[in-house]
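Both ligands and their constituent atoms are indexed starting at 1 by order of listing.
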Amino acid sequence: MEDELLLMLPGPVPLPERVRSAMARQAINHRGAEFGNAYADIVRVLKDLFGTKNNPLVISGSGTSGMEAAVSNFGKGRKIAHLINGKFGERMYTIGQRYASEALPVVSDWGTPLNLEALKSALEGGCEVVTMVHNETSAGILNPGEEVGKICRKYDALFIMDGVTSIGGDNVQADKWGVDVAVVGSQKCLAAPAGLAAVSVSGRAWERAVNNPPYYLDLMAYKKNAAKDPMETPYTPAVPLFLALREACLIIEEEGIEKRILRHHKMAKAVRSAVGAWGLDMFPKIDAFHQYSNTVTAVCIPPNSNDKDFRGTVKNFSIQIAGGQDHLKDKIFRIGHMGAVSAPELLATLAATEFAIRKTGHKVTDSGVMAAAEVLG
Ligand SMILES: *Cc1c(COP(=O)(O)O)cnc(C)c1O
């Protein structure tokens, strides 16, 4: 559409028409059946996406509010080990510094494998809580939820996992992996508007909830209100966003979770084929436990180019891709392929990106668009 950018970002993502329409309606009482039913629909779908039997709690705040809720309700006054290999891992650590008795960073370079041996030492040193970002959006790397879950159980630590850009787009099995607290944000793989977070909490974590959580983000208050019939939130929620998220969840249910994950995997594979054909390097360094992200692909920018010109060229086609954050600015570009998008959006994005790559003078011998089409077709 004219004057409308196609957002191929790791959030926010394009919103299906049904999701947008759900927001454009008369106000409703948030302590009534209509709201309660919407909340119940959201929870029914989200719990399958999280891979948990526990009911996720929905907070009126962006993904970071969910991260802060997780750390403050289960890590306040405790020793926390923070696995870090990108910007959102660093954010978890920054939050930890506000709440923990001691926040211990377990650092790897951005986009490189987490240091699981250092994590074990931290746990031997008495850390009671661990944070990990499952899909590290800043670097396009998928971290090992199952493996870290096993380590946490072995040392009887609580495991907080940021699943903001994996839940709803990639396979997450919170219960099976031993994830105690998992977090998702609305504007990423769920293809809902920005402004909501959902947090699931294991029984084990509830038993260890701190007794002095923050007021607005007191998850026990969310739990008590969600247990009412009709379901409620403790304070007035962002009702239009709940209605939009409900519609996004119904769309997910109609597609089917397995099909949705396969679609994301296929898109990721197509982008990686294009990257290979272009002769560019993937940014993350992976190993047996770490994989390339299936929801956002981080690629080293062609030599002799810069972020502004490169993404500017792509934007001339009304398509927006992401650059690198912090020290990765001018070093990488990132293509988001999460939410409701599929082959049409992806092929257009790869064509615009290929044009931008050729324009930098980088010699491309094979067409990335054709390589991706082979995967998608
Ligand atoms: C986007 C994102 C968040 C949350 O960011 P908000 O801007 O607060 O929604 C958290 N973690 C990861 C991995 C993300 O990609």
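Heavy-atom contacts of Met67 reach the following atoms of ligand 1: 10 (C) (cutoff under 4.0 Å). Heavy-atom contacts of Gly63 reach the following atoms of ligand 1: 4 (C), 6 (P), 8 (O), 9 (O) (cutoff under 4.0 Å). Near Ser62, meaning under 4.0 Å from one of its heavy atoms, ligand 1 places the atoms 6 (P), 8 (O), 9 (O). Against a heavy-atom cut-off of under 4.0 Å, Thr165 is close to the following atoms of ligand 1: 15 (O). Every atom of ligand 1 is numbered from 1 in the order shown, and the set under 4.0 Å from a heavy atom of Phe88 is 1 (C), 2 (C), 3 (C), 10 (C), 11 (N), 12 (C), 13 (C), 14 (C), 15 (O). The ligand atoms of ligand 1 that sit less than 4.0 angstrom from a heavy atom of Asn135 are 13 (C).
Counting protein heavy atoms only, atom 10 (C) of ligand 1 is closest to Asp162 OD2, 3.3 Å. Nearest non-hydrogen protein atom to atom 14 (C) of ligand 1 is Lys188 NZ, 3.0 Å.
For Asp156 and Arg208, the salt-bridge test passes: some basic side-chain N is under 4.0 Å from an acidic carboxylate O.
Using a 30° and 60° split on the angle between ring planes, Tyr222 and Tyr216 fall in the perpendicular class, above 60°. Between His327 and Trp110, the ring-plane angle classifies as perpendicular under the 30° and 60° cut-offs. Note on ring orientation: taking the six-membered ring where Trp is involved, the planes of Phe35 and His30 are perpendicular (angle over 60°, cut-offs 30° and 60°).
Residue Thr137 has at least one nitrogen or oxygen atom sitting less than 3.5 Å from a nitrogen or oxygen atom of ligand 1, judged on distance alone. No N or O atom of Pro10 sits closer than 3.5 Å to an N or O atom of ligand 1.
For the pair Val183 and ligand 1, no heavy-atom separation below 4.0 Å is found. Within the 4.0 Å heavy-atom cutoff, His134 does not count among the residues contacting ligand 1. Within the structure, the closest approach of Glu136 to ligand 1 does not fall below 4.0 Å when heavy atoms are considered.
At most 12 non-hydrogen atoms from other residues, nucleotides or ligands lie less than 6.0 angstrom from CE of Met370.
Remark: Arg272 engages no residue in a side chain to side chain donor-acceptor pair (under 3.5 Å) (not counting sequence neighbours). Shown here are the side chain to side chain donor-acceptor pair (under 3.5 Å) partners of His264, two or more places apart in sequence or in another chain: there are none.
How far CG of Asp170 is from NE2 of His265: 3.5 Å, rounded to the nearest 0.5 Å.
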